Amino acid sequence: MFNSNDISLFLTVLKFASVKHRDQRRKDCKATPYINHPIEVAETLWRIGEVRDIVTIVGALLHDTLEDTHTTPEEIQTLFGAEVLALVQEVTDDKNLPKQARKLKQIESAPHKSTRAKELKLADKICNVYDIAHSSPKNWSLEQRQEYIIWAEQVVAGLRGVNQSLETHFDIIAAKAKHAITIKKDN
Ligand code: NDP
Ligand code: ZN
């Protein structure tokens, strides 16, 4: 179980991430506050994956800060330590690369990630594929949603072997999302 230092770190990280993402929204029609997503990823790790490693849980809360906000690696290192920084860096795309190269790199690098990073990426893909089915980015065609899920499946193929519950959950969410899109396409 988490001790009082863990709870303290968790709340400090949650506050930090909520401030960093405060002006951002997700891409769905309702423009959901961005911080909902990192919270969902952390909650998925905890509830579905039964992950009880504090570094992984706070890494989930921070997983998009380097990629999508002005947060620096130095800030994370100073405030939360080298282990947390290493995990967040492992799940951060290199934004200097063009989009298609970034997507290919995610597929190629997945098998070489640490266990923590694999679990975090599994939870991230679960949440994003769920959102594609239930609150897709606005203006995305059904083909685009389908392509996203196929790409996510390719990334997840390289993440397997670390957490059966997360992997099975991803398979269920992806199958349901593809089924829902197929039905929409047929109508
Ligand atoms: P993006 O990378 O632009 O968007 C997906 C990312 O946005 C997610 O990984 C997620 O990342 C974040 N996100 C924010 N809000 C949401 C939300 N509501 N639901 C889901 N994700 C959200 O898109 P892609 O480049 O991945 O495009 C998807 C697919 O469509 C690709 O396979 C691409 O090739 C294809 N495509 C097809 C087109 C077509 O017309 N057929 C046109 C363009 C692309 P995070 O969690 O990191 O924030
Ligand atoms: Zn994410």
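What you are looking at is a predicted structure, and each value in this text was computed from that prediction instead of being measured. Whatever order the structure lists them in is the order used to number ligands and atoms, beginning at 1.
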Considering only the protein, which heavy-atom contact is closest to [atom], and what is its distance?
{"atom": "atom 15 (N) of ligand 1", "result": "Lys27 N, 3.0 Å"}
{"atom": "atom 18 (N) of ligand 1", "result": "Ser135 O, 2.9 Å"}
{"atom": "atom 25 (O) of ligand 1", "result": "Lys99 CE, 2.9 Å"}
{"atom": "atom 44 (C) of ligand 1", "result": "Gln144 NE2, 3.6 Å"}
{"atom": "atom 24 (P) of ligand 1", "result": "Lys103 NZ, 3.4 Å"}
{"atom": "atom 35 (C) of ligand 1", "result": "Glu147 OE1, 3.1 Å"}
{"atom": "atom 22 (C) of ligand 1", "result": "Arg26 NH2, 3.5 Å"}

Which atoms of ligand 1 sit under 4.0 Å from any heavy atom of [X]?
{"X": "Ile132", "result": "20 (C)"}
{"X": "Asp28", "result": "18 (N)"}
{"X": "Asp64", "result": "45 (P), 46 (O), 47 (O), 48 (O)"}
{"X": "His37", "result": "46 (O)"}
{"X": "Asp124", "result": "46 (O)"}

Any ion pair linking [Y] and [X] (charged N to carboxylate O, less than 4.0 Å)?
{"X": "Asp28", "Y": "Lys138", "value": "no"}
{"X": "Glu153", "Y": "Lys125", "value": "no"}
{"X": "Asp6", "Y": "Arg52", "value": "no"}
{"X": "Lys185", "Y": "Glu143", "value": "yes"}
{"X": "Asp171", "Y": "Lys176", "value": "no"}
{"X": "Glu75", "Y": "Lys20", "value": "yes"}

Report the part of [X] (side chain from C-beta onward, or backbone N, CA, C, O) that has a heavy atom under 4.0 Å from ligand 1; answer both or neither where that applies.
{"X": "Tyr34", "answer": "side chain"}
{"X": "Cys127", "answer": "neither"}
{"X": "Thr32", "answer": "neither"}

Distance col, row Leu104:CG vs Gln154:CD, nearest 0.5 angstrom, shows 9.0 Å
Exercise for review: Calculate, to the nearest 0.5 Å, the distance between atoms CG and CD1 belonging to Leu122 and Ile126 respectively.
Suggested key: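 Between atom CG of Leu122 and atom CD1 of Ile126 there are 6.0 Å.
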Could you check whether Trp46 and Phe10 have their ring centres less than 6.0 Å apart? no
Of Leu142, Asn128, Asp131, the one whose closest heavy atom lies nearest atom 46 (O) of ligand 1 is Asn128
(request) Would you indicate which of Tyr130, Trp140, Trp151, Tyr148 comes nearest to atom 23 (O) of ligand 1 when only heavy atoms are counted? (result)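 Nearest heavy atom to atom 23 (O) of ligand 1 lies in Trp140.
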Cut-off 3.5 Å, side chains only: do Gln24 and Asp68 have a donor facing an acceptor?
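No.
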- Looking at Tyr34, is Arg26 sitting on its ring face, NZ or CZ under 6.0 Å from the six-membered ring centre and within 45 degrees of the normal? yes
Could a heavy atom of Gln100 be found less than 4.0 Å from some atom of ligand 1?
yes
- Tell me, with the steps shown, if His63 and His37 meet ring-ring contact (aromatic ring centres under 6.0 Å, His included). CA-CA 10 Å; His63 82 273; His37 168 68; 5.0 Å; yes
With a cut-off of 2.8 Å, does any N, O or S atom of Cys127 fall short of it relative to the Zn ion (ligand 2)?
no
key: For the Zn ion (ligand 2): the N/O/S atom of Asp124 at shortest distance   =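 It is OD1 of Asp124.
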